[in-house]
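Notes to accompany the following structure.
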Amino acid sequence: MDPDAPSLFEPDESSRPLADRMRPTSLDDVVGQDHLLAADAPIGRMVAERRLVSMILWGPPGCGKTTIARLLADATDMVFEPLSATFSGVGDLRKVFAAAGRRREAGQGTLLFVDEVHRFNRAQQDSFLPYVEDGTITLVGATTENPSFELNGALLSRCQVYVLRRLDEAALSTLVGRAEQVVGARLEISEDARASLIAMADGDGRYLLNMLEQLFALHRPIDTAALAEVVQKRAPQYDKGQEGHYNLISALHKSMRGSDPDAALYWLARMLDGGEDPLYIARRVVRFATEDVGMADPQAVQQALAAWDVYERLGSPEGELAIAQAVVYVATAPKSVAVYRGFGQAQKLARQTGSLTPPAHILNAPTRLMKDLGYGGGYQYDPDTETGFSGADYFPEGMDRPKLYRPTRNGYEQVIGDKIAQWESMRARRNRDS
């Protein structure tokens, strides 16, 4: 037997997944993260000095977090210890810490990479602290969730947080070109299908490479119809219970507040496409109508409530159009937070003033004793007055009249403001004459 003949048991390079074959071998090969890895960028400078600090890599799926961690260990001659917070416990951590301690005594550093680090509970996160503190390990944690919410403060204070970006169109196009080089064939794909492929990847390089592997296996030209047959549309990167949920509802709310119906419809569509409960959105639109539109357009809350009601009657997808209509209505309505602010000041004043009694003239007097005490005495029934306004004071006796509701000049509040100004003038005249 020829000793130089390849073994039947040696793995065929072409049998490895394309994403694995294309894994970068140096930090220079990583795409889309130059803001961190370039020579003059934070991580790039640390690598040049061969002095890594513990860090949290925060970014969406498929942007290179695991690859970067592995390459950092290679670039600094550290032992790479990978763990997944999904499958590892305290026992696994103790073994890693013990091995890292022995390496440290021998002058060898350990880079502990923890994937999905946010899945460790608080006690498990605390177990890292002394080993990060004394340099036994250099921790590189990867997470798709906002570290501010998912990691405890003590761990965050010992780590730098670096935000990785979703891969943009240029970075994804670069990956397509590299894949063609690795496979040794050009992908026969139309420009429209290529653009659709990039859009479907949604910034996820790993997902793109997995799709490319399927397309290369077809060995035929790919147009948009063929692409749709082969590749399933991926679910949007939206976790309706985590930060993505709060980011998108904030974007919707601020777009409506900024009177931008186009952006508001876009964020509405993004939330619905991500699986958000339409009733949650309907409730938020009602809240917006009362908080941000208020009396500038009193019909806004009616429109929002009607959309809620229509959705409950029709369900999806027909009822979603009613929510979209309400979103456009409140986005284009005049805005005022005068009621919102006035009520907040009223609540503060109520807590400060305690249990002051209403003025006697507006108290009912169902008994003779109460009449003798002056309850209801001198009360004027406003509709019976010539102007429909008596000018009486309804605050507690001895209390200065605060100005709580300050209508704007937006929409219907301009009319309300004029009415209030007229009533204030009539009240002042009544007080001078009395």
Side-chain angles (χ1 to χ4, degrees), residues 11 13 16-39 41-88 92-93 95-97 99-100 103-104 107-120 128 131-132 135-145 147 151 155 159-167 171-172 174-175 178-179 181-182 203-210 213:
E13 180 71 12
R16 292 168 54 206
L18 180 60
D20 187 50
R21 283 185 280 160
M22 288 187 57
R23 193 177 297 278
T25 57
S26 74
L27 289 170
D28 292 336
D29 295 333
V30 177
V31 298
Q33 310 302 336
D34 287 348
H35 65 293
L36 296 177
L37 303 179
I43 296 179
R45 288 195 297 268
M46 283 192 288
V47 171
E49 297 171 1
R50 298 177 63 82
R51 292 178 61 86
L52 294 183
V53 300
S54 291
M55 66 185 75
I56 304 297
L57 301 178
W58 172 28
C63 66
K65 296 185 290 294
T66 304
T67 296
I68 290 173
R70 189 180 297 275
L71 293 174
L72 287 176
D74 292 343
T76 54
D77 296 324
M78 302 177 76
V79 174
F80 183 73
E81 282 276 11
L83 280 180
S84 171
T86 306
F87 303 109
S88 304
D92 300 296
L93 291 174
K95 292 178 183 177
V96 170
F97 296 149
R103 293 191 199 101
R104 186 186 181 199
Q108 175 74 62
T110 300
L111 187 151
L112 173 58
F113 173 69
V114 182
D115 196 18
E116 304 289 340
V117 66
H118 61 275
R119 295 189 182 276
F120 274 140
F128 290 108
Y131 302 100
V132 170
T136 300
I137 61 168
T138 297
L139 173 65
V140 177
T143 180
T144 57
E145 305 296 335
L151 301 182
L155 183 58
C159 299
Q160 293 289 326
V161 176
Y162 295 113
V163 181
L164 278 70
R165 297 169 180 167
R166 64 189 296 278
L167 301 188
L172 293 172
T174 298
L175 289 182
R178 290 183 183 177
Q181 292 177 357
V182 170
D204 187 332
R206 182 170 51 244
Y207 185 86
L208 173 68
L209 295 177
N210 290 338
E213 191 159 28

Side-chain contact, heavy-atom cut-off 4.5 Å: [X] with [Y]?
{"X": "Leu139", "Y": "Leu155", "result": "yes"}
{"X": "Gln33", "Y": "Leu27", "result": "no"}
{"X": "Leu112", "Y": "Tyr131", "result": "no"}
{"X": "Glu213", "Y": "Arg21", "result": "yes"}
{"X": "Val132", "Y": "Ile137", "result": "yes"}

What heavy-atom pair brings [X] and [Y] nearest, and what distance separates the two atoms?
{"X": "Gln160", "Y": "Val53", "answer": "CG-CG2, 3.8 Å"}
{"X": "Leu18", "Y": "Ala179", "answer": "CD2-CB, 4.1 Å"}
{"X": "Glu116", "Y": "Ala85", "answer": "O-CB, 3.0 Å"}
{"X": "Leu37", "Y": "Ala41", "answer": "N-CB, 3.8 Å"}

- Message: Tell me every residue that passes salt bridge (Lys or Arg N to Asp or Glu O under 4.0 Å) with Arg165, counting only those two or more places apart in sequence or in another chain.
- Response: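 Listed in chain order: nothing, the list is empty.
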- Ile68 and Leu164: side-chain contact (heavy atoms from CB on, under 4.5 Å), yes or no, with the steps? CA-CA 10 Å; Ile68 290 173; Leu164 278 70; 3.7 Å; yes
- May I ask you to decide if the ring planes of Phe97 and Phe128 are parallel, tilted or perpendicular, using 30° and 60° as cut-offs?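 Rings of Phe97 and Phe128: perpendicular, over 60°.
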- Taking atom CG of Leu175 and atom CG of Leu209, what is their separation to the nearest 0.5 Å?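 CG of Leu209 is found 5.5 Å from CG of Leu175.
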- Do any N or O atoms from the side chain of Lys65 and from the backbone of Pro60 form a donor-acceptor pair under 3.5 angstrom?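 A pair under 3.5 Å: yes.
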- Task: Scan side-chain atoms only and decide if Thr110 and Arg104 contain a donor-acceptor pair under the 3.5 Å cut-off.
- Result: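 No pair is found: no donor N or O on one side chain lies under 3.5 Å from an acceptor on the other.
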- Hey, is Lys95 close enough to Asp92 for a salt bridge, meaning N to O under 4.0 Å?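 Looking at Lys95 and Asp92, the cut-off is not met.
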